[in-house]
Amino acid sequence: MRIAVIGRAATHSYEYPVEQDTMLAALDQHATQNSLSDHDSQRIEEYAWSAIRITPVTEGAEGLHRLDELITRIRSTVRGALVPILVEGADTPCVRALANQWPGRREIDLERLYQQHGPSGESDVMVSLNRSKAPFEALLRWWTLYPDHVLEVSLAPELTSGCHWPLLTAWGVKPDAQREVLRSFEQRRWVEERVLVTRTRHCRQCRSVHLNYVDVCPRCREVDLKALDGLHCFACGHVDRMDRFVKAEQLSCPQCRTRLRHIGVDYDRPLESLACGKCDLWIVEGEVEAQCLDCGQSQQPGELIQHRIASLQLSAAGREAVAASEEVKVVASGQRMKSHELHNMLDILVPLARRHSHHHLLMVLSQHGESEQGLLERLALRIGSLLRDTDLFCQYSMRQWIFLLPHTPRARFTDVAQRIRSVMELEQSEGESGLSLDMHELPGEHQVGKAAEWLPELGGKPYRSPSEMA
């Protein structure tokens with residue numbers, strides 16, 4: 001395997017060969033200085049890597065397997081998660097899923113990537129792969145760098161999900177969590193299907209694709225159905241199981257007592273029937289039932305959850321989103337709402353919370369006096385990036401943002417406050433921002449009536465420490 005590092009130092013580009021182990025050690029953020037030679041350490045420090053060129057030298061399946069394995073290992077490292085990979089002389093499904101350029105694909109503009117995004121190896125998003133929001137941020141950053149890339153999917157019958165997306169798998173995202181990451185993009189309508197591979201049906205309880213479709217008795221739901229022959233008496237038209245026509249080793253109709261001698265003249269055989277081994281019910285066909293092989297849940301085929309398995313690409317809305325680099329850096333993970341939509345949601349949640357003893361957290365971020373233009377929105381979106389996908393946020397006015405975190409009791413206030421503390425203090429340290437954040441537990445004694453009446457009265461208190469907010 002020939003490997004070359006393509007980079008840029010000062011004003012010129014360069015390319016130099018590197019050993020596989022040296023490259024992987026340098027891409028690994030946990031690599032110690034002792035794992036690299038002094039020469040390699042100096043070159044890596046001096047030059048910012050902007051691409052890796054790989055050319056397989058071993059022919060046949062073995063060479064392709066080693067190539068796929070190497071690319072996967074590169075993508076699994078923190079510093080190699082987003083670095084451009086250029087492959088020469090080989091094209092495999094793994095290459096198309098994980099690399100950025102291969103034979104027959106349009107060449108990428110390395111100079112543009114370097115100028116627009118800086119050294120790939122130092123990306124803060126790559127370092128964030130160990131944080132909770134990392135998969136969403138990393139995939140968003142990936143499509144920012146490579147907006148034409150198609151996120152390939154691979155069928156995997158050994159997995160309960162039935163498939164996985166190799167790029168996310170290489171980043172360490174578990175198969176069950178990959179669909180949640182992609183659902184965040186789908187909800188924003190940032191992605192669209194490129195090629196539909198198949199449709200899968202999943203257990204409604206454990207979401208497993210490992211299902212067994214079996215005929216069961218419609219009366220007792222027993223699976224012990226045995227095939228039986230039936231007879232049709234021409235004399236009286238009676239149809240029944242064959243064993244009920246047998247008497248003294250001769251065939252006779254149990255209803256009209258006519259002796260049946262010749263098939264086609266006295267009787268014939270209708271369609272094959274079934275008999276239940278438990279309740280002895282005689283049926284023409286059983287009812288189809290889907291049994292999950294992982295959790296044992298039985299369900300009707302119409303009750304199964306259906307998923308479309310497809311490769312994905314950025315939609316027009318997604319391209320607009322990733323093109324706005326500042327918005328990408330602070331993109332929120334919660335659901336953004338308009339003020340009237342927030343009112344309607346609170347009018348439903350607050351009465352339900354009182355009835356069922358639920359608790360919700362409402363945060364009000366306000367700005368007072370003259371301050372930097374855009375500061376409030378930037379901070380609000382930063383806080384929004386810490387939210388769950390099920391949380392809600394709203395720009396309530398020009399100087400106020402509201403965040404609604406459903407099912408977050410007071411015991412969790414400290415945890416939430418700790419998460420936003422660094423964001424708040426960062427903005428406060430940049431100057432007199434006049435920001436304030438107030439936290440309320442819903443339902444409260446003052447939250448009575450329509451939300452449009454009591455919501456404008458909340459907020460406006462100075463920013464407090466996490467212990468005070470809790």
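What you are looking at is a predicted structure, and each value in this text was computed from that prediction instead of being measured.
Between Leu211 and Arg201 the shortest heavy-atom distance is CD1-O, 3.4 Å. Considering all non-hydrogen atoms of both residues, Leu82 and Ala138 come closest at CD2-O, 3.9 Å. Looking at every heavy atom in both residues, Glu192 comes nearest to Leu314 through OE2-O, 3.9 Å. In this structure, Val83 and Asn100 approach most closely via the heavy-atom pair O-OD1, 3.6 Å. When all heavy atoms are compared, the tightest approach of Leu98 to Trp142 is O-CH2, 3.8 Å.
Environment of CD in Glu107: sparse, with no more than 12 heavy atoms of neighbouring residues, nucleotides or ligands closer than 6.0 Å. Around CD of Glu158, the count of heavy atoms belonging to other residues, nucleotides or ligands within 6.0 Å exceeds 12. Heavy-atom neighbours of Glu19 CD from other residues, nucleotides or ligands within 6.0 Å: at or below the threshold of 12. Around atom CZ of Arg66, no more than 12 heavy atoms belonging to other residues, nucleotides or ligands sit under 6.0 Å away.
Listed for the Arg75 side chain is a donor-acceptor partner under 3.5 Å among the backbone atoms of Ala81. Under a 3.5 Å cut-off, the side chain of Gln299 and the backbone N or O of Arg204 do form a donor-acceptor pair. Checked by atom type and distance alone, the side chain of Trp102 never pairs as donor or acceptor with a backbone atom of Ala90 at under 3.5 Å. The backbone N or O of His210 lies less than 3.5 Å from no partner atom in the side chain of His202, so there is not a single donor-acceptor pair. Judged by distance alone, with hydrogens and angles left aside, the side-chain atoms of Arg188 form a donor-acceptor pair with the main-chain N or O of Ser184 at under 3.5 Å. A distance-only check finds no donor-acceptor pair linking the side chain of Thr198 to the backbone of Ile309 [under 3.5 Å]. Remark: the backbone N or O of Val150 is not paired with any side-chain donor or acceptor of Ser311 at under 3.5 angstrom. The backbone N or O of Ser397 sits nowhere less than 3.5 Å from a side-chain atom of Gln400 that would complete a donor-acceptor pair.
Glu180 pairs by the side-chain contact (heavy atoms from CB on, under 4.5 Å) definition with Arg183, not counting sequence neighbours. By the side-chain contact (heavy atoms from CB on, under 4.5 Å) test, Lys450 pairs with Asp347, Glu453, sequence neighbours left out. Under the side-chain contact (heavy atoms from CB on, under 4.5 Å) criterion, Arg207 pairs with Ile305, sequence neighbours left out. Partners of Glu152 by salt bridge (Lys or Arg N to Asp or Glu O under 4.0 Å), not counting sequence neighbours: none found. For Ser339, there are no side chain to side chain donor-acceptor pair (under 3.5 Å) partners at least two apart in sequence or on another chain.
Taking 4.5 Å as the limit, every side-chain heavy atom of Ser208 sits out of range of all side-chain heavy atoms of Leu293. Looking only at side-chain heavy atoms (C-beta outward), Ser154 and Pro93 stay at 4.5 Å or farther from each other. Side-chain atoms of Cys163 and Thr200, non-hydrogen and from C-beta on, never get closer than 4.5 Å to each other. Taking the side chain as every heavy atom from C-beta outward, Val288 and Pro301 approach each other to under 4.5 Å. Phe403 places a side-chain heavy atom less than 4.5 Å from the side chain of Leu365. Looking only at side-chain heavy atoms (C-beta outward), Pro406 and Thr390 stay at 4.5 Å or farther from each other. You'll find the side chain of Ile74 reaches within 4.5 Å of the side chain of Leu24, heavy atoms only.
Under the 6.0 Å cut-off for aromatic ring centres, His360 and His407 qualify, their centroids lying closer than that.
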Practice item. Take Val191 and Leu151, measure what side chain to side chain contact (heavy atoms under 4.5 Å, CB included) needs, and give me the verdict at the end. Key: CA-CA 10 Å; Val191 293; Leu151 190 65; over 6 Å; no

Give every donor-acceptor pair under 3.5 Å between a side-chain atom in residues 351-358 and any protein atom, sequence neighbours left out.
{"residue": "Arg354", "atom": "NH1", "partner": "Gln447", "partner atom": "O", "Å": "3.2"}
{"residue": "Arg354", "atom": "NH2", "partner": "Gly444", "partner atom": "O", "Å": "2.9"}
{"residue": "Arg354", "atom": "NH2", "partner": "Gln447", "partner atom": "O", "Å": "2.6"}

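Residues Gln178 and His164 bring no donor and acceptor atom of their side chains to less than 3.5 Å of each other.
Taking the six-membered ring where the residue is Trp, Trp190 and Phe185 present perpendicular rings, their angle passing 60° and hence far from 30°.
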